[in-house]
Number of protein chains: 2
Amino acid sequence: MPDPADALSEHAVERLIAYRRHLRQRLMQGCDRIYSHDLAKPEGVTPAQVRRDLMTIGYTGSPARGYDAKGLITHISSLLDARSVGGFALVGVGHLGRAILDYLARQHPEYKVAAFDVNPDKAGGVTHGCRCYMLDEMKQVLTQQSMRVGIVTVPADAAQDAATRLVEAGVCGLLNFAPVRLRVPARVYVENVDIALRLEKVAFFALASRPKETQE
Amino acid sequence: MPDPADALSEHAVERLIAYRRHLRQRLMQGCDRIYSHDLAKPEGVTPAQVRRDLMTIGYTGSPARGYDAKGLITHISSLLDARSVGGFALVGVGHLGRAILDYLARQHPEYKVAAFDVNPDKAGGVTHGCRCYMLDEMKQVLTQQSMRVGIVTVPADAAQDAATRLVEAGVCGLLNFAPVRLRVPARVYVENVDIALRLEKVAFFALASRPKETQE
DNA sequence: GCTATACTGTGAGTGAATTCACAGTGTGAT
DNA sequence: ATCACACTGTGAATTCACTCACAGTATAGC
Ligand SMILES: NC(=O)c1ccc[n+]([C@@H]2O[C@H](COP(=O)([O-])OP(=O)(O)OC[C@H]3O[C@@H](n4cnc5c(N)ncnc54)[C@H](O)[C@@H]3O)[C@@H](O)[C@H]2O)c1
Ligand SMILES: NC(=O)c1ccc[n+]([C@@H]2O[C@H](COP(=O)([O-])OP(=O)(O)OC[C@H]3O[C@@H](n4cnc5c(N)ncnc54)[C@H](O)[C@@H]3O)[C@@H](O)[C@H]2O)c1
């Protein structure tokens with residue numbers, strides 16, 4: 001109950017993740033203190049929003065010195081990474097699936113990742129440094145490696161099946177790329193990334209007569 | 001000024017796109033009339049939200065018969081597609097870029113798509129039914145084919161450059177997959193799809209002790 | 001040491017988006 | 001023909017996220 005992490009809204013978590021990424025970048029450039037507006041501008045939010053977020057997670061800076069970059073990263077991480085996810089299980093080693101596997105292998109070699117596909121040519125092999133299994137091995141693999149997050153990159157008509165299998169294998173979070181709303185138990189968190197929808201959205205707003213847009 | 005399309009919020013547009021997709025699916029199944037709750041449940045919104053949205057775009061159903069699927073699709077499309085986007089220009093023919101090119105070629109052969117890459121091995125060729133050009137051909141190609149939307153799938157450190165080139169070539173909308181906030185003129189609409197962030201977000205909420213979540 | 005400054009922390013205010021709740025109504029059943 | 005029902009359309013209420021604005025304060029400069 002007293003865990004502040006439980007009070008974070010989805011938006012707040014997204015911003016905290018972005019702040020942390022930005023802070024790490026700054027830190028590598030040798031910048032160890034940072035003001036709310038330094039964090040706000042590149043992320044497209046207001047300084048007040050940043051301070052509010054940091055207040056929410058209980059991190060305190062100092063006037064005239066701002067926030068300590070390293071300490072803030074640690075603080076954010078202690079909230080976000082408090083509970084280890086074990087690893088990721090990706091279903092559907094197609095174009096998008098391979099792109100993600102490749103990304104994870106290159107950028108996050110620390111994550112454990114397992115891949116699954118119906119296609120027997122893919123199952124059994126190793127793609128982008130990640131072992132690819134057959135679907136019926138899912139439960140065993142996930143249990144053994146205690147993976148709690150699933151990634152769905154199968155065609156739309158297979159997405160529900162993939163999700164159901166992942167849930168049965170024990171995941172409690174899903175990142176879904178299929179243009180379908182998945183039906184899962186309430187305890188399972190689902191995040192939809194609908195690329196086709198986003199594309200249509202951009203097409204719309206690109207040509208909408210946008211009024212008094214604020215300057216960046 | 002009286003164009004209702006200008007009054008649509010980002011969220012509203014996203015929902016309308018989802019409604020339309022769902023309606024098309026229903027229509028193919030031979031269902032020509034639909035109630036607000038039929039549209040709401042699979043999209044994860046409330047029936048009231050659906051009615052409010054349709055009211056906003058000025059579409060009227062009838063009690064006891066609901067909305068006419070075909071007419072509603074037409075109505076939504078008349079708002080969303082009012083202004084033709086010409087086509088899409090994708091920069092960065094890597095893993096993700098190829099996945100998107102492939103998707104567009106298969107699912108949306110009606111869209112014109114051009115690809116661009118620094119890598120001379122890629123430029124000049126044809127990937128997934130889409131001609132790949134060199135960067136310095138961008139302005140010419142986009143002007144000629146009147147493409148108004150850019151897709152950025154280059155590494156983070158090349159994203160700003162890609163965006164700047166696209167804007168100079170005349171695009172007024174960007175779909176950005178790089179984990180960077182792009183700096184562009186205010187008239188240009190930017191939509192960020194931050195896959196890595198979404199992945200971290202799922203990992204967090206998967207393990208957050210979720211309170212009184214509503215049942216699906 | 002003292003002061004001016006530029007920041008943080010936060011209560012209050014604002015505005016947008018969503019939901020509630022119900023009056024109004026066309027339809028299918030009888 | 002009549003009625004009961006289940007739906008729509010929508011003003012009002014609510015929720016939520018964000019922004020404002022300013023008091024409080026640690027620092028750097030003098
Ligand atoms: N690639 C994109 O840019 C893009 C854009 C928009 C949406 N999407 C969505 O993302 C998803 C994946 O797209 P993609 O381009 O990678 O498709 P793809 O066809 O390249 O890959 C799909 C993979 O899933 C596997 N598969 C099929 N049925 C399966 C099942 N029942 N269980 C396990 N694996 C199965 C196939 O063998 C294949 O390897 C689709 O739902 C698509 O609509 C992709
Ligand atoms: N693949 C994923 O699942 C994934 C996940 C998270 C984020 N992203 C982001 O998406 C972007 C693309 O990822 P990817 O996996 O496709 O990378 P990738 O390395 O496979 O592809 C990058 C492509 O961009 C080209 N390129 C490099 N510099 C360029 C320039 N200046 N102009 C034009 N083209 C250039 C390269 O030749 C290459 O073809 C990256 O910003 C990455 O951070 C991808």
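Note that the structure is a prediction, hence the values are computed from the model and not measured. Each chain gets a letter, A, B and so on, in the order the sequences are listed, and its residues count up from 1.
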Send over the distance from [X] [atom1] to [N] [atom2], rounded to a whole Å.
X     : N      : atom1 : atom2 : value
B/L39 : D/dG9  : CG    : C1'   : 16 Å
B/L72 : D/dC7  : CG    : C1'   : 16 Å
B/E14 : C/dA17 : CD    : C1'   : 13 Å
A/L54 : D/dC18 : CG    : P     : 14 Å
A/L8  : D/dC16 : CG    : P     : 15 Å
A/H11 : D/dC18 : NE2   : C1'   : 11 Å
B/Y35 : D/dC5  : OH    : P     : 16 Å
A/Y59 : C/dT8  : OH    : C1'   : 13 Å

Passing option when A/H75 is tested against A/Y59, A/Y67, A/Y19 for ring pair (Phe, Tyr, Trp, His ring centres under 6.0 Å):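 Exactly one option meets the ring pair (Phe, Tyr, Trp, His ring centres under 6.0 Å) with A/H75, and it is A/Y59.
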Are [X] and [N] close enough that a side-chain N or O sits under 4.0 Å from OP1 or OP2?
X     : N      : answer
B/R15 : C/dT18 : yes
B/Y67 : D/dG9  : yes
A/S36 : C/dC7  : no

Taking atom [atom1] of [X] and atom [atom2] of [Y], what is their separation to the nearest 0.5 Å?
X      : Y     : atom1 : atom2 : value
A/D53  : A/L8  : CG    : CG    : 8.5 Å
A/L175 : A/L90 : CG    : CG    : 9.0 Å
B/L16  : B/H11 : CG    : NE2   : 13.0 Å

Atom NZ of B/K41: over 12 foreign heavy atoms under 6.0 Å: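 It does not: B/K41 NZ has 12 such atoms or fewer within range.
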B/S/- contact track for nucleotides 19-30 of chain C, protein heavy atom under 4.0 Å: B-B--BBBS---
Pairs flagged by side chain to side chain donor-acceptor pair (under 3.5 Å) wherever residues 25-34 of chain B is involved - sequence neighbours left out: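 Residue pairs with at least one partner in residues 25-34 of chain B: there are none.
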Residues 163-173 of chain A, side-chain donor-acceptor partners within the protein, below 3.5 Å, at least two apart:
unit_1, atom_1, unit_2, atom_2, d
A/T164, OG1, A/Q160, O, 2.8
A/T164, OG1, A/Q160, NE2, 3.1
A/R165, NE, A/D161, OD2, 3.1

Of the listed nucleotides C/dC7, D/dG9, C/dT18, the one nearest the side chain of A/H37: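 Of the options given, the side chain of A/H37 lies nearest C/dC7.
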